[in-house]
There are 2 protein chains.
Amino acid sequence: MPAETDEPKLGCPVRGVLDRIGDQWSLLALEALDDEKKRFNELLREIGDISKQMLSKTLKHLEQDGFISRTVYPEVPPRVEYELTELGQSFLVPMRALIGWADRNHAAIKSARRRYETA
Amino acid sequence: MPAETDEPKLGCPVRGVLDRIGDQWSLLALEALDDEKKRFNELLREIGDISKQMLSKTLKHLEQDGFISRTVYPEVPPRVEYELTELGQSFLVPMRALIGWADRNHAAIKSARRRYETA
DNA sequence: GACAGATAGTCTCCTTTTTAGACTAGATCG
DNA sequence: CGATCTAGTCTAAAAAGGAGACTATCTGTC
C-alpha cells in the first residue's frame, strides 16, 4: 500500500505533519528555497546528493501540503519554478530556530560522538 | 560502506545535524521522551509503528550524539531507561516551537491536501 | 541541414534500508 | 515444570532509494 494515500496512524496532529517533513529531504528542500524561488535543476545542484527521483517526489509532497508552489512556464526547454508559499514561509520561522540551535550546538554533538567512540 | 561512519558531504553544520535528526524516527523518539524517561518497550508502544530494529538504531544514534542517556539496570528481566540529556532538553526548545507550528497549521495543511486532490 | 545542448521529469534496473517475526537468557509466578 | 517478562539481535523478505538511460522540443554551432 502506497504511503502517499495513508492517513497517519495516530490522532496527534504533530505526527501528521512530522510524517511529511520529517524525512531525509523535505527540510533541506525548504531551506534551499528560503532565499528565493528556484528551478528543478537548480535545487538538484544545490542540495547535491539528492536524486532526481527523490527531489521530484519531495517537491510534489511539499506542493500537496501547501508549503511551496510550482509554476510551469510553457517554454522550450521547459522552465518550472518552485517557490515558498506563505505557509512555507511561516514554517521557516520555527525551522530557523531549529537551524540556529544546530549551529550553536553542532560542536557539542561532535564531541559527544567522539566521546562515544572512545568509550 | 556503513552510513554510521560517514562524514556529512557538505561543510554546512546544519546539514550535519539534519542528517541525523532529519529521519523518519528521531524527532518522534525525542518527543516521546519529552515528558519523562521511558523504557524500550514503552517507546515501542508509544510510537506505535516503528520496528524494534529501527527504534534500537535510532536510540543508539541519539545516544551517540548526546541527546539521550541510556541506563541499564542489571535486573532480570532487563530494564533499560532512556532519558533526555541536557543537550536533548535544550534541543526540545526549538523543537517545541516546531510542534506548536504544526499544531496551529495542520488544518491548513490538510485543506491544502484536499485542494490538491480535487485539482 | 546535422548535431550537440539544455530542461523537467519519468522509467528501469539494481543496491540499500526497513520490516516482521523468530529467537535468547535468566528470574519469577502458578 | 512450563509460561511469562524484557531488551535486543538475527534473518529473510519487502520496500525504498539511487544511477543513469530516455523523452520532446527549441536554440546555437558548424
Side-chain angles (χ1 to χ4, degrees), chain A residues 1-6 8-10 15 18-29 32-33 36-64 68-83 116, chain B residues 1-6 8-10 15 18-29 32-33 36-64 68-83 116:
Chain A
M1 96 185 106
E4 276 75 2
T5 61
D6 268 0
K9 284 89 191 168
L10 311 171
R15 180 58 183 273
L18 247 44
D19 273 350
R20 281 300 177 88
I21 57 153
D23 64 68
Q24 189 72 204
W25 303 115
S26 295
L27 293 178
L28 241 28
L33 287 171
E36 51 184 339
K37 61 185 168 191
K38 302 218 170 92
R39 306 175 59 170
F40 187 86
N41 279 345
E42 229 168 333
L43 288 167
L44 207 56
R45 279 189 295 273
E46 187 158 324
I47 299 179
D49 51 355
I50 190 174
S51 68
K52 292 157 175 247
Q53 200 173 55
M54 281 314 288
L55 180 58
S56 176
K57 187 190 275 190
T58 300
L59 292 172
K60 207 169 285 175
H61 280 160
L62 291 175
E63 191 198 353
Q64 275 176 18
I68 63 176
S69 66
R70 177 175 179 276
T71 312
V72 182
Y73 297 85
E75 306 170 355
V76 170
R79 181 158 60 99
V80 179
E81 287 184 344
Y82 294 91
E83 187 172 13
Y116 190 95
Chain B
M1 99 187 100
E4 277 76 2
T5 59
D6 267 359
K9 285 91 191 166
L10 311 171
R15 180 60 183 272
L18 246 44
D19 272 350
R20 281 300 177 88
I21 59 154
D23 65 68
Q24 189 71 205
W25 302 117
S26 294
L27 293 178
L28 240 29
L33 288 170
E36 50 185 339
K37 62 184 167 190
K38 300 216 171 95
R39 306 174 59 171
F40 187 85
N41 279 344
E42 231 169 330
L43 288 167
L44 207 55
R45 278 188 297 272
E46 188 158 323
I47 298 178
D49 51 355
I50 190 175
S51 68
K52 292 157 174 244
Q53 201 172 56
M54 282 312 289
L55 180 58
S56 177
K57 187 189 277 188
T58 300
L59 292 172
K60 208 169 285 174
H61 280 160
L62 291 175
E63 192 198 353
Q64 274 177 18
I68 62 176
S69 66
R70 177 176 179 275
T71 313
V72 183
Y73 296 85
E75 305 171 356
V76 171
R79 182 158 59 101
V80 179
E81 287 184 343
Y82 294 91
E83 188 172 14
Y116 189 94

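Here is the naming used below: chain letters follow the sequence lines, and residue numbers restart at 1 for every chain.
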For nucleotides 19-22 of chain C, print each protein N/O atom paired with a nucleotide N/O atom at under 3.5 Å, atom names and distance only.
residue: dT19(C); atom: OP2; partner: Ser51(B); partner atom: OG; Å: 2.7
residue: dT19(C); atom: O4; partner: Gln53(B); partner atom: OE1; Å: 3.2

Atom-pair distance ([atom1] on [X]; [atom2] on [N]), nearest Å:
X	N	atom1	atom2	answer
Leu44(B)	dT9(D)	CG	C1'	14 Å
Asp23(A)	dT18(C)	CG	C1'	15 Å
Leu43(B)	dG8(D)	CG	P	10 Å
Arg70(B)	dT6(D)	CZ	C1'	12 Å
Asn41(A)	dG20(D)	CG	P	16 Å
Glu75(B)	dC5(D)	CD	C1'	12 Å

Could you write out each protein N or O paired with an N or O of nucleotides 26-30 of chain C at a distance under 3.5 Å?
none

Tell me whether Asp49(B) is salt-bridged to Arg15(A), with the criterion being a basic N under 4.0 Å from an acidic carboxylate O.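 Salt bridge present between Asp49(B) and Arg15(A).
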May I ask you to say what Tyr82(A) touches in the nucleic acid, namely base, sugar-phosphate or nothing, with a heavy-atom cut-off under 4.0 Å?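 Sugar-phosphate: the residue Tyr82(A), judged by heavy atoms under 4.0 Å, touches backbone atoms but no base.
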What's the verdict on side-chain contact (heavy atoms from CB on, under 4.5 Å) for Gln64(A) and Arg20(A), showing C-alpha distance, side-chain angles and the deciding distance? CA-CA 10 Å; Gln64(A) 275 176 18; Arg20(A) 281 300 177 88; 3.6 Å; yes
What's the verdict on side-chain contact (heavy atoms from CB on, under 4.5 Å) for Thr58(B) and Leu28(B), showing C-alpha distance, side-chain angles and the deciding distance? CA-CA 10 Å; Thr58(B) 300; Leu28(B) 240 29; over 6 Å; no
Show your reasoning for whether side-chain contact (heavy atoms from CB on, under 4.5 Å) applies to Trp25(A) and His61(A). CA-CA 11 Å; Trp25(A) 303 115; His61(A) 280 160; over 6 Å; no
May I ask you to verify if any side-chain N or O of Lys57(B) is less than 4.0 angstrom from the OP1 or OP2 atom of dA7(D)?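 Answer no for this pair, as no side-chain N or O of Lys57(B) is under 4.0 Å from OP1 or OP2.
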Between Ser56(A) and dT10(C), is there a contact of a side-chain N or O with OP1 or OP2 at under 4.0 Å?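 So the side-chain polar atoms of Ser56(A) do come within 4.0 Å of the phosphate oxygens OP1 or OP2 of dT10(C), strictly under.
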Quick one: does Ser56(A)'s side chain have a donor or acceptor within less than 3.5 Å of a partner on Lys52(A)'s backbone?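 No, the answer is negative, given that no donor and acceptor are paired below the 3.5 Å cut-off.
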Can you check side-chain contact (heavy atoms from CB on, under 4.5 Å) on Glu46(A) and Lys38(A), steps first, answer last? CA-CA 10 Å; Glu46(A) 187 158 324; Lys38(A) 302 218 170 92; 3.3 Å; yes
Just to verify, which of Thr71(B), Leu33(B), Leu55(B) counts as forming a side-chain contact (heavy atoms from CB on, under 4.5 Å) with Tyr82(B)?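 That would be Leu33(B).
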Heavy atoms from C-beta onward define the side chain here; which of dT9(D), dT6(D), dA8(C) lies closest to that of Arg39(B)?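 Selected nucleotide: dT6(D).
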Holding to side chain to side chain donor-acceptor pair (under 3.5 Å), I want the full list of residues that pass it with Glu81(B), two or more places apart in sequence or in another chain.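 Side chain to side chain donor-acceptor pair (under 3.5 Å) check on Glu81(B) returns Tyr73(B), Arg79(B).
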